[in-house]
Every structure is written in C-alpha cells, then in structure tokens.
Amino acid sequence: MTTMEMESSKFNIDAPRWDQSTFVGRLKHFFNITDPRTALVSEQELDSAKLLVDSCRAGSVPPGTSIEQLHYAKKLYDSAFHPDTGDKMNLIGRMSFQVPGGMAITGCMLQFYRTVPAVVFWQWVNQSFNALVNYTNRNAASPITLTQIGVAYLTATSTALATAVGLNLYTKKAPPLIARWVPFAAVAAANCVNIPMMRQQELINGIAVTDENDNKLGHSRKAAIKGISQVVISRIAMAAPGMILLPILMERLEAFPFMKKIRFLHAPLQVMLAGGFLLFMVPVACSLFPQRCSMPVSSLEPELRESIVKQYGEQIRYVYFNKGL
C-alpha cells in the first residue's frame with residue numbers, strides 16, 4: 001500500500017475541509033458545493049460519488065483512491081444529496097442550480113416589470129422555483145404533507161403577486177428606478193412567507209436537536225424559529241445585491257444611444273449580469289450562518305431544557321440542529 005493509499009484509508013470524509021465556525025471557512029465550503037458546474041454532472045457520476053463516500057465512511061476505501069478523488073466525491077455528494085436523509089435531491093432544487101435557474105428568472109423579472117401580466121407571470125415562475133428549492137433544502141427530519149405544501153405555495157405566490165402588482169400600480173407615477181425595484185420588494189415579502197409556510201411543521205412540532213455527537217435530545221420550536229429566520233435572511237441577502245444594483249446599472253446603460261438600438265438584447269444582458277451577481281451571492285448568503293446551527297440549552301423550551309438537565313445534568317450546554325438552506 002502506498003503512502004497516499006494509507007492516507008486515504010484513514011481519511012475522515014465527514015470532517016469539514018474548512019473551519020465551519022468562521023465566515024471565511026463556510027464561504028470556501030459553499031463556493032465548493034454550490035459550484036454550478038456540478039449541476040451538469042451525470043447521474044451515474046453522482047451515484048459513483050455517493051458509493052465512494054459511503055465506502056469511506058465504512059472504512060473501506062477502494063485501492064488507488066487519492067485524497068483529491070475523495071474530496072471531489074464529497075463535493076459532488078454535498079451538492080446533490082440531502083444532508084439529513086442522504087437521498088438525491090431534484091436538480092432544480094439543488095443550491096448548485098441556484099445560479100443557472102436564478103439568473104434566468106431574476107433577469108426576466110427585472111426586465112419585464114412594466115406590465116401587470118408580465119409581473120404576474122414572472123413572479124409566479126419565481127415562487128414556483130422558490131417553493132421547490134425551499135422544499136428540497138428543508139430539514140428532512142420534519143415531514144410535511146402535500147396539503148401543507150400546496151397551502152405554502154399558494155400563500156407565498158399570492159403574497160408575491162399582491163406585493164408586486166400593488167406596488168407596480170402604486171409606482172406608476174414614481175421615478176422609473178423605483179418601479180425597477182418592485183420585483184425585489186415582492187421577492188423579499190414572499191420569502192418571509194414561503195419559507196416559514198413550507199417549513200411549518202418545524203414551527204408547530206419543533207426541529208430535531210442533538211448533542212455535539214449527533215445523539216437526538218428532542219424537538220424544539222425555538223430552535224426552529226432561529227433556523228428558519230436565518231434562512232429567510234440568507235435568501236433575501238442572496239437576491240438583494242443583484243435586484244437592487246442591477247436596476248441602477250441598467251437605468252444608466254439604457255440612457256446610451258447604442259443601448260436604445262439593441263433593446264432585444266436587454267433581457268439576455270440582464271440575465272447574464274444577474275448570473276454574475278448570483279455566482280458570488282449564493283455562496284456568500286449561504287455562509288452568513290452555520291448550517292449546523294447551535295443554541296444554548298438555557299434558551300430552549302422549559303420542558304425540553306428540564307428533560308436534558310434531568311438526563312445529562314450540566315454536561316450538555318448547547319444543542320445542535322440542521323437549519324436547512
């Protein structure tokens with residue numbers, strides 16, 4: 001056995017490659033797993049990566065496997081498989097698809113904002129996309145019924161449409177730039193509804209919390225509120241730079257004579273520019289808070305806190321949970 005093979009056999013594939021307690025460490029991690037190129041990887045290659053990760057966890061690394069191959073397999077695994085269940089996530093709902101999917105929708109929302117039918121259509125498309133992303137990246141330990149999914153989808157879509165159409169009509173006499181910011185207001189409002197509604201089971205029954213060794217301790221509604229609030233903030237932060245700065249840029253560009261001659265290219269240009277913003281903002285927004293969230297035992301519900309103290313005394317000071325993305 002070569003030195004490299006010996007190192008591979010001792011490799012802890014679940015150990016964070018970068019320090020997840022720091023923003024920079026999380027940023028490197030999410031730049032790695034939200035890489036849009038992983039959305040193009042074949043199903044066969046993803047399944048092979050999962051087999052390699054599972055083999056490594058079982059302590060049986062195939063001979064000749066290098067550390068680099070293990071890192072790449074873990075990258076593919078993290079980008080395509082759910083952290084709670086290990087099941088393969090649908091392509092559109094993966095964070096690695098946020099850039100190609102989000103850039104097309106964001107660009108079109110920012111371009112086609114002048115008429116009510118266009119606003120309605122693109123907000124509906126965006127909320128359909130968001131609902132799938134939110135469902136895919138939920139904490140899978142808290143199941144949700146089809147009825148609850150439907151209610152969440154309809155509520156979020158209605159909120160987005162009401163905000164967008166209402167502000168669109170209200171800003172008819174406002175400066176053009178104000179009207180260009182309407183899509184962002186609608187997206188932000190819908191995120192405040194869509195994510196909590198899609199994850200309502202966690203708010204009702206609590207999110208599963210564990211100790212630092214992943215031993216389950218119970219369910220906490222307060223932990224769910226903290227985790228979901230952080231996801232809402234992250235999603236709004238993900239959209240904000242592109243949807244706030246891009247309208248200012250386009251407002252300036254459209255004043256040039258050459259831009260008036262190529263109006264048919266405005267939409268593709270906004271799509272590409274939106275992609276540039278999202279390429280950086282998806283990992284940045286995901287990195288704002290640790291995915292494995294923590295909470296002091298003293299901040300939990302009295303009954304759960306008493307149960308933990310009764311069973312473990314003062315040994316456990318913090319509980320941990322997957323806040324989702």
Side-chain angles (χ1 to χ4, degrees), residues 2 4-20 22-104 129-130 132-141 214 231 234-235 238 275-276 278-293 322-325:
T2 66
M4 185 175 291
E5 287 177 348
M6 289 177 67
E7 290 176 353
S8 298
S9 65
K10 298 176 182 178
F11 184 72
N12 181 0
I13 202 159
D14 290 313
R17 191 173 177 183
W18 296 281
D19 184 2
Q20 295 299 289
T22 68
F23 172 76
V24 173
R26 293 193 296 272
L27 184 60
K28 290 178 180 178
H29 170 72
F30 280 109
F31 259 117
N32 193 43
I33 69 169
T34 63
D35 184 347
R37 294 173 298 179
T38 62
L40 302 175
V41 173
S42 68
E43 295 292 302
Q44 184 178 359
E45 190 172 353
L46 290 176
D47 291 336
S48 297
K50 186 177 189 300
L51 284 174
L52 184 53
V53 169
D54 290 341
S55 296
C56 189
R57 285 172 174 166
S60 177
V61 179
T65 304
S66 67
I67 296 292
E68 288 72 23
Q69 287 173 314
L70 291 174
H71 277 311
Y72 184 65
K74 189 60 163 60
K75 171 180 179 172
L76 295 183
Y77 180 88
D78 287 342
S79 73
F81 294 88
H82 198 282
D84 289 337
T85 64
D87 295 335
K88 188 184 294 178
M89 298 183 286
N90 67 80
L91 174 62
I92 296 174
R94 297 174 197 166
M95 278 297 160
S96 57
F97 195 77
Q98 274 289 317
V99 173
M103 66 187 280
F129 178 66
N130 284 345
L132 185 56
V133 172
N134 293 337
Y135 175 75
T136 303
N137 293 281
R138 72 199 185 286
N139 181 307
D214 291 329
V231 172
S234 295
R235 291 297 184 80
M238 191 182 295
L278 286 173
L279 191 63
F280 291 96
M281 285 312 302
V282 170
V284 168
C286 289
S287 305
L288 292 178
F289 308 100
Q291 185 171 1
R292 193 188 188 214
C293 205
N322 173 25
K323 71 172 178 61
L325 291 174

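Quick caveat, the model's predicted, so the values are computed rather than measured. Residues: numbered from 1 along the sequence shown.
No donor-acceptor distance shorter than 3.5 angstrom exists from the side chain of Ser234 to the backbone of Cys286, with no hydrogens or angles considered.
Contact between Lys323 and Val231 at its shortest, heavy atoms only, is O-CG2, 3.4 Å. Contact detail for Phe31 and Leu279: the closest heavy-atom pair is CE2-O, 3.8 Å. Between Gln20 and Gly25 the shortest heavy-atom distance is NE2-O, 3.5 Å. Residues Arg26 and Phe289 come closest through the heavy atom pair NE-C, 3.6 Å. Closest approach of Asn322 to Gly324, counting heavy atoms only: OD1-N, 3.0 Å. When every heavy atom of Leu76 is checked against every heavy atom of Phe81, the shortest pair comes out as O-CD1, 4.4 Å.
Between Ile92 and Phe129 the shortest side-chain heavy-atom distance falls below 4.5 Å. Put simply, the side chain of Lys74 does not reach to within 4.5 Å of the side chain of Asn32, judged on heavy atoms. Side-chain contact between Gln98 and Met95 is present, with heavy atoms from C-beta onward closer than 4.5 Å.
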Stepwise side-chain contact (heavy atoms from CB on, under 4.5 Å) check, Thr38 with Ile33: CA-CA 8 Å; Thr38 62; Ile33 69 169; over 6 Å; no
Test side-chain contact (heavy atoms from CB on, under 4.5 Å) applied to Val284 and Met281, step by step: CA-CA 5 Å; Val284 168; Met281 285 312 302; 4.0 Å; yes
Working for side-chain contact (heavy atoms from CB on, under 4.5 Å), residues Thr34 and Val99: CA-CA 8 Å; Thr34 63; Val99 173; over 6 Å; no
Evaluation steps, side-chain contact (heavy atoms from CB on, under 4.5 Å), between Ser287 and Lys28: CA-CA 9 Å; Ser287 305; Lys28 290 178 180 178; over 6 Å; no
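Distance check, rounded to the nearest 0.5 Å: OG1 of Thr136 to CE of Met89 gives 7.5 Å. The distance from atom CG of Leu52 to atom OG1 of Thr65, rounded to the nearest 0.5 Å, is 5.5 Å. Put simply, CZ on Arg94 and CG on Leu46 are 5.5 Å apart, with the number rounded to the nearest 0.5 Å. In this structure, the separation between CD on Gln69 and OG on Ser48 is 11.5 Å, given to the nearest 0.5 Å. Taken from CG in Leu40 to OG in Ser96, the straight-line distance is 9.0 Å, to the nearest 0.5 Å.
Applying the 6.0 Å contact sphere to CZ of Phe23 captures more than 12 heavy atoms from other residues, nucleotides or ligands. When the shell of 6.0 Å around CG of Leu288 is examined, it contains more than 12 heavy atoms from other residues, nucleotides or ligands. In Lys88, the NZ atom is crowded: over 12 heavy atoms of neighbouring residues, nucleotides or ligands sit closer than 6.0 Å.
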